[in-house]
Amino acid sequence: MSDSKEAMRRALALAEEAAEAGDEPFGSVLVYDGTVIAAERNTVVTDDDVTAHPELKLARWAGRQLSPDERRATTMYTSTEPCPMCSGAIRIVGLGRVVYSTSSGVLSSITGSEPSLPASEVLGDETTVDGPLLPQAGRAIHEDYW
């Protein structure tokens, strides 16, 4: 993956795929050493599993497939700031960095829901949280869906 914007575009494309499949529009990719090593989209509806968030699925995959050092060197690009459940999994697994497109605050303003706890509060100092990256594109996906 040549740059952060390209990785985020892939995560946003996965969010669009999720919406087209009848799931909520969330998508994420894991990048290690400049390469996408895993990708997931939301499948909460299609899998009938309220925990089938892409960030959680990728954290579980990383915990099984990557060494602790590899996890610390991995960046998750995600269409939307991770919820507290997903942030907890990311923290436990020890991913080094998370980059999001749409903040939880923007998502709550679009959906009319209460904003969730910011990912940085759950992740603490162990995982760097950056964003928003390509915020207009991420917001547009949510506005189209909700």
Side-chain angles (χ1 to χ4, degrees), residues 1-32 34-66 71-124 126-146:
M1 195 82 352
S2 63
D3 68 11
S4 295
K5 288 182 180 177
E6 186 178 340
M8 185 59 73
R9 284 186 197 100
R10 179 125 180 240
L12 292 168
L14 288 163
E16 290 174 333
E17 286 178 25
E20 290 168 7
D23 292 293
E24 293 177 350
F26 301 98
S28 305
V29 299
L30 283 180
V31 173
Y32 176 76
T35 301
V36 172
I37 58 171
E40 287 286 350
R41 66 172 184 81
N42 183 294
T43 56
V44 167
V45 174
T46 53
D47 285 350
D48 192 24
D49 178 356
V50 297
T51 68
H53 296 194
E55 303 92 341
L56 180 59
K57 292 192 287 184
L58 288 176
R60 291 180 69 220
W61 179 88
R64 291 188 305 268
Q65 301 296 321
L66 303 176
R71 294 192 303 260
R72 279 190 291 281
T74 299
T75 298
M76 178 183 289
Y77 291 87
T78 187
S79 61
T80 307
E81 184 177 5
C83 72
M85 174 183 71
C86 294
S87 295
I90 292 165
R91 181 180 179 145
I92 290 167
V93 167
L95 298 183
R97 183 173 175 230
V98 172
V99 180
Y100 64 85
S101 172
T102 304
S103 71
S104 59
V106 168
L107 177 63
S108 69
S109 72
I110 293 169
T111 64
S113 62
E114 288 291 316
S116 69
L117 192 64
S120 60
E121 290 189 32
V122 177
L123 291 167
E126 297 299 312
T127 301
T128 302
V129 179
D130 292 318
L133 177 64
L134 304 178
Q136 296 83 3
R139 182 182 186 107
I141 292 168
H142 284 294
E143 287 175 340
D144 288 346
Y145 179 84
W146 303 103

Ignoring hydrogens and angles, tell me if any N or O in the side chain of [X] forms a donor-acceptor pair with the backbone of [Y] under 3.5 Å.
| X | Y | value |
| --- | --- | --- |
| Arg71 | Val93 | yes |
| Ser109 | Val106 | yes |
| Asp23 | Thr46 | yes |

Of all residues at least two apart in sequence or in a different chain, which pass the side-chain hydrogen bond (donor to acceptor under 3.5 Å, both in side chains) check with Ser104?
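If we apply the side-chain hydrogen bond (donor to acceptor under 3.5 Å, both in side chains) test to Ser104, skipping adjacent residues, the hits are Glu81.
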
According to side-chain hydrogen bond (donor to acceptor under 3.5 Å, both in side chains), who are the partners of Ser79, at least two apart in sequence or on a separate chain?
none

Please name the pair of heavy atoms, one in [X] and one in [Y], separated by the smallest distance, quoted to 0.1 Å.
| X | Y | result |
| --- | --- | --- |
| Val44 | His53 | CG2-CD2, 3.7 Å |
| Ala18 | Pro25 | CB-CA, 4.4 Å |
| Ile90 | Pro82 | CD1-CG, 4.1 Å |
| Gly124 | Arg91 | N-NH1, 4.0 Å |
| Ser87 | Leu123 | O-CD2, 3.2 Å |
| Val29 | Ala39 | CG1-CB, 3.7 Å |

Heavy atoms from other residues, nucleotides or ligands near [atom1] of [X] exceed 12 (cutoff 6.0 Å):
| X | atom1 | result |
| --- | --- | --- |
| Glu143 | CD | yes |
| Glu126 | CD | no |
| Asp48 | CG | no |

Ignoring hydrogens and angles, write down the donor-acceptor pairs under 3.5 Å from the side chains of residues 56-63, residues two or more places apart or on other chains.
residue: Lys57; atom: NZ; partner: Glu40; partner atom: OE1; Å: 3.2
residue: Lys57; atom: NZ; partner: Arg41; partner atom: O; Å: 2.9
residue: Lys57; atom: NZ; partner: Thr43; partner atom: OG1; Å: 2.8

Euclidean distance, [Y] [atom2] relative to [X] [atom1], rounded to 0.5 Å:
| X | Y | atom1 | atom2 | value |
| --- | --- | --- | --- | --- |
| Leu133 | Thr78 | CG | OG1 | 11.5 Å |
| Leu30 | Leu95 | CG | CG | 6.0 Å |
| Tyr77 | Arg9 | OH | CZ | 12.0 Å |
| Arg10 | Glu6 | CZ | CD | 9.0 Å |
| Arg139 | Leu134 | CZ | CG | 15.0 Å |
| Leu12 | Ile141 | CG | CD1 | 4.5 Å |

Step by step, work out the side chain to side chain contact (heavy atoms under 4.5 Å, CB included) result for Tyr100 and Leu107.
CA-CA 12 Å; Tyr100 64 85; Leu107 177 63; over 6 Å; no

Pairing donors with acceptors under 3.5 angstrom, does anything connect the side chains of Thr80 and His142?
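Yes, side-chain donor-acceptor contact under 3.5 Å.
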
